Amino acid sequence: GKEFVEYKNELLHKNVSECPEIPPDLGPLDIRLLYNTNLLTILSQNPNLRPGGRSRPQYCRALQKIAIIIPFRNRESHLRTWLYYMHPFLQQQQADYGVYVVEQIEDTMFNRGKLMNVGYSIASKDYDYSCFIFSDVDIIPMDGRNLYRCSKNPRHMANSVDKFNFKLPYNDIFGGIVAFTKEHFKKLNGFSNVFWGWGGEDDELFQRVVAVGLKVDRPDQTIARSKMISHKRDSGNESTGKSFALISKAHKRLHKDGLSSLNYIISITSHKLYTKVTVDIGNGE
Ligand code: UDH
């Protein structure tokens with residue numbers, strides 16, 4: 001029956017040759033941010049997706065298995081835009097990937113770092129992912145050559161965003177999109193869980209990278225050009241003003257605050273275009 005077919009497909013897939021390091025036919029893309037992208041349109045344009053927003057190349061074996069983790073609440077139209085562009089983008093790049101949308105329940109202070117950690121931990125149980133790309137829902141790459149992959153070092157990928165005139169607003173910025181191998185993400189104990197509200201969790205993550213002796217890579221700024229969907233600061237994500245004080249003690253928390261101290265209540269639903277992980281991660285009290 002069905003299971004036998006899947007088993008056979010798995011065996012056949014193990015025998016196909018490896019995909020090339022640089023996928024063929026990639027180039028600049030015409031990205032116009034559309035806000036009313038219809039889910040059915042996206043589905044019909046991506047007939048080869050498997051449940052949970054998974055895909056892998058048919059005729060070659062990908063070198064990396066990539067989980068894309070998106071922190072989320074109340075940004076439905078941004079998510080549709082992201083899915084509309086990113087599913088074709090990732091398939092064109094011959095990625096073996098799955099999309100995990102980690103949604104925080106209403107009426108709690110938003111905590112981007114903790115949502116990322118939850119996404120990592122759930123995705124790890126789902127498949128043997130080797131690379132984790134943590135991406136905001138509102139950034140869309142403008143060039144297919146911007147490979148959504150892990151490199152030797154932790155990688156900051158949002159280094160050329162239109163909102164900041166395609167420049168780094170400050171040198172150590174580590175926000176927007178970052179990519180980590182599983183080994184590296186575990187080594188720095190993931191994100192901190194203690195940043196409630198807007199700001200700081202990304203800078204603390206940078207501190208962690210440095211503290212464990214790793215360096216940050218960035219893609220070429222011409223190829224990494226990306227568009228950010230403009231929006232107002234979300235309610236429930238106000239700045240608490242505590243970030244600086246926290247970051248100054250980053251090294252003290254590294255081993256006790258992160259993947260090693262993650263608590264949450266969860267429900268997981270497999271949609272056609274993504275795996276939705278809905279979590280109660282508390283409220284910072
Ligand atoms: N997000 C939601 N819902 C919310 C709040 C945040 O989905 O209510 C998610 C979403 O994926 C968003 C990400 O969290 O893209 C970050 O949201 P943000 O509004 O806090 O960040 P913003 O887009 O980033 O304002 C600003 C540019 C980065 C500057 C880096 C400074 N350290």
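Because the structure is a prediction, the values reported are computed rather than measured. Counting starts at 1 for both ligands and their atoms, following the listed order.
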Where's the contact between N237 and ligand 1, heavy-atom distance under 4.0 Å: side chain, backbone, both or neither? side chain

Heavy-atom proximity to atom 32 (N) of ligand 1, picking from Y170, F110, F134, points to Y170

The option among N74, V161, I70, D138 carrying the non-hydrogen atom nearest to atom 15 (O) of ligand 1 is D138

Distance under 4.0 Å to a non-hydrogen atom of K163: what atoms of ligand 1 satisfy this? 26 (C)

Residue, atom name and distance, where the atom is the protein heavy atom closest to atom 17 (O) of ligand 1: R75 NH2, 3.7 Å

N or O pair under 3.5 Å between D202 and ligand 1: yes

Considering only protein heavy atoms, which is closest to atom 11 (O) of ligand 1, and at what distance to one decimal place? P71 O, 2.7 Å

Heavy-atom gap G236 to ligand 1 smaller than 4.0 Å: no

Heavy-atom distance under 4.5 Å between the side chains of K227 and K163, does that happen here? no

Do F132 and F180 make the cut of ring centroids closer than 6.0 angstrom? no

is_close_aromatic(F185, F134), centroid dist under 6.0 Å: yes

Contact (N/O only, under 3.5 Å) between S135 and ligand 1: no

Is the closest side-chain donor-acceptor distance between N193 and S261 under 3.5 Å? yes

Under a 3.5 Å cutoff, is there a donor and acceptor pairing between the side chains of H87 and Y97? yes

I'd like to know if the side chain of D203 pairs up with that of Y170 as donor and acceptor (distance under 3.5 Å, no hydrogens or angles considered). yes

Could you tell me which atoms of ligand 1, counted from 1 in the order shown, lie closer than 4.0 angstrom to a heavy atom of D234? 4 (C), 5 (C), 6 (C), 8 (O), 19 (O)

According to salt bridge (Lys or Arg N to Asp or Glu O under 4.0 Å), who are the partners of D217, at least two apart in sequence or on a separate chain? none

Begin with the C-alpha distance, continue with both residues' side-chain angles, and end with the deciding distance and a verdict on salt bridge (charged side-chain N to carboxylate O under 4.0 Å, His left out) for E103 and R73. CA-CA 5 Å; E103 176 181 52; R73 182 164 72 193; over 6 Å; no

Nearest-contact summary for atom 23 (O) of ligand 1 - protein heavy atom, Å: H231 NE2, 2.9 Å

Below a 4.0 angstrom heavy-atom separation, can you tell me which part of R233, side chain or backbone, both or neither, approaches ligand 1? neither

Quick check: S235 and ligand 1, any N/O pair under 3.5 Å apart? no

Provide the full list of ring pair (Phe, Tyr, Trp, His ring centres under 6.0 Å) pairs with a residue in residues 215-255, sequence neighbours left out, each pair given once. H78-H231

Tell me the protein heavy atom at minimum distance from atom 13 (C) of ligand 1, and give that distance in Å. D136 OD1, 3.3 Å

Nearest non-hydrogen contact to atom 28 (C) of ligand 1 from the set W82, F164, F72 belongs to F164

